[in-house]
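Just below is one structure, and these are the notes that go with it.
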There are 2 protein chains.
Amino acid sequence: MKSNKHVPKATLQRYPVYLKALRKLSNLGVQRIMSRELSEFVDIEPTTIRRDFSFLGSLGKQGYGYEVNKLIEIFNGELGGNFDEKIIIVGAGNLGRALMNYNRWNHVVGEIACAFDVMPHKQGNMYEIPVYPIELLKEKMPPGCRIAILTVSKDVQETVNLLVENGIKGIVDFTHEHIQVPKGVRVKPVDVVSMVQELVFETNSLK
Amino acid sequence: MKSNKHVPKATLQRYPVYLKALRKLSNLGVQRIMSRELSEFVDIEPTTIRRDFSFLGSLGKQGYGYEVNKLIEIFNGELGGNFDEKIIIVGAGNLGRALMNYNRWNHVVGEIACAFDVMPHKQGNMYEIPVYPIELLKEKMPPGCRIAILTVSKDVQETVNLLVENGIKGIVDFTHEHIQVPKGVRVKPVDVVSMVQELVFETNSLK
DNA sequence: CCTGCCTTGTTAATAATAACACATAGTTGA
DNA sequence: TCAACTATGTGTTATTATTAACAAGGCAGG
């Protein structure tokens, strides 16, 4: 157990992959698994898996493997905190609404508390999630809220600045633009075009 | 110039970031830029930027810097091929429709050629993009199509298998499930929940 | 309860990535 | 045109990540 040590960035990015795979395995009725089996499933070397897991403690038993449900529990705890993260969506366009309708928020990391938009006709209740005008951000933002999902298509940087001023520490960024944030604020860009670009480039250079 | 050499995976993932930033700079009227300036903009070390660029040739001039528009052109060429990639969307739910409405496909990597869905009421023309029943995949898939965007929520693995059988080499995966593909097929998972999990984990462990 | 097998967790070795440092070539100003 | 700068591109070093190897410890069968 080396849980006090710093978790490498590369490991961090694999945790969600493991969690997803373990959920599927659990649904299939698998109760225990060895690193070698899991390896074939997620296409990551067994030794990498074991090292990744070791950062969270001694989760397995020697000569036996890992309990799938125990792993899920641990990953949930580590990754999702107490499942009570209050998340906001900024931008209630097509994409924002699709995300509000996302049926997997509950009991995974937390919930979408509310959404904001500049356009008056998009405001009101949508899929049971209230949509407020962006001017009310400070007022309506749930206490302790740190994570925002950004799906606006105009005034992007201004909106980012507003979010940061109001204490947002992490942004899932669906915009098409390059945004700048101060140190201490994390941005996870989600850009379908970029993804496709990477795929095209990789498949091109692979043959 | 070392363009014959293998481009590191890590570098590949930064190319879209550069491209995005350069587009913004160009819009702001910036015509030339030095690696040190660009560094502050994208928060990547100048030396890393220069090496990343060097894989595509000697793009800059010593004592001068880089021409922004030339860089954009080169990145477009490298990342987007000839902008004629035919992409398909599989799953015409909320998210799939939002992506069809995405206004940035033209002249970036290519275009959404068509979409597929199992549900009859989702078929037909939507945002000017034809939506076909999934049974017609083989028949309606544009020739040379390699990239699929997957937004289905049921029968995920079955759908993936179908896509791979029909020659898809890259999948942008918006599903919530763990999917398996044979060697040679690339998957880029896009999972908002995972993103939020990573953000929560990082912001938790950063203090 | 003991013995042998099996898989973990971790140390050590290798590979990949990032940063340093500087020679080189192009620019700018006179 | 020439000299003084300046920022690139790259050989080298440092850091980070992955893989290999194995000691230590638990399980299963007798």
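Order of the sequence lines sets the chain letters (A, B, ...), proteins ahead of strands, with each chain counted from 1.
Atom-to-atom, CZ of A:Phe55 to C1' of C:dT10 comes out at 11 Å; the value is rounded to the nearest Å. Regarding B:Lys9, its NZ atom lies at a distance of 16 Å from the C1' atom of C:dA18, rounded to whole Å. Rounded to whole angstrom, the span from the CG atom of B:Leu12 across to the P atom of C:dA16 amounts to 15 Å. Between the C1' atom of C:dG26 and the CZ atom of B:Arg32 lies a distance of 11 Å, rounded to the nearest Å. Rounded to whole angstrom, the span from the CG atom of B:Asp43 across to the P atom of C:dA18 amounts to 13 Å. A straight line from CG of A:Leu59 to P of C:dG9 spans 6 Å, rounded to a whole angstrom. In this structure, B:Leu38 places its CG atom 13 Å from P of D:dG9, rounding to the nearest Å. The distance from atom CZ of A:Arg36 to atom P of D:dA21 is 16 Å, rounded to the nearest whole Å.
Using a 4.0 Å cut-off, no side-chain N or O of A:Arg51 falls inside it from OP1 or OP2 of C:dT8. A:Arg14 has a side-chain polar atom (N or O) that falls below the 4.0 Å cut-off from OP1 or OP2 of D:dT18. For C:dT7, neither phosphate oxygen OP1 nor OP2 lies less than 4.0 angstrom from any side-chain nitrogen or oxygen of A:Ser35. In this structure, A:Thr47 does not reach the D:dA20 phosphate: none of its side-chain N or O atoms is under 4.0 Å from OP1 or OP2. Residue B:Tyr66 has a polar side-chain atom (N or O) positioned under 4.0 Å from OP1 or OP2 of D:dG9. The side chain of B:Lys61 places no N or O atom within less than 4.0 Å of a non-bridging phosphate oxygen (OP1 or OP2) of C:dA25.
Counting heavy atoms from C-beta outward, A:Arg50 and A:Pro46 have side chains that approach closer than 4.5 Å. Contact check for B:Cys145 versus B:Ile168: side-chain heavy atoms found under the 4.5 Å cut-off. Residues B:Phe116 and B:Leu162 have side chains not in contact (no heavy-atom distance under 4.5 Å, counting atoms from C-beta outward).
Aromatic pair A:His6/A:Phe55: centroids not less than 6.0 angstrom apart.
Each end of the helix from C:dC1-D:dG30 to C:dA30-D:dT1 gets its own axis, taken as the rotation carrying the C1' atoms of four end pairs onto the next four within a five-pair window, and the two axes meet at 30° to the nearest 10 degrees.
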Under 3.5 Å donor-acceptor pairs involving side-chain atoms of residues 62-70 of chain B, not counting sequence neighbours:
{"unit_1": "B:Tyr64", "atom_1": "OH", "unit_2": "B:Glu67", "atom_2": "OE2", "d": "3.0"}
{"unit_1": "B:Asn69", "atom_1": "OD1", "unit_2": "B:Ser26", "atom_2": "OG", "d": "3.1"}

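A:Asp52 and A:Tyr15 share no side-chain donor-acceptor pair at under 3.5 Å.
Place A:Gly63 and A:Glu45 on DNA chain D by their nearest nucleotides, and A:Glu45 ends up nearer the 5' end. For A:Arg50 and A:Gln62, each mapped to the nucleotide of DNA chain D holding its nearest heavy atom, the one lying further toward the 5' end belongs to A:Arg50.
By the 4.0 Å N-to-carboxylate-O rule, B:Glu177 lies too far from A:Lys20 to be salt-bridged with it.
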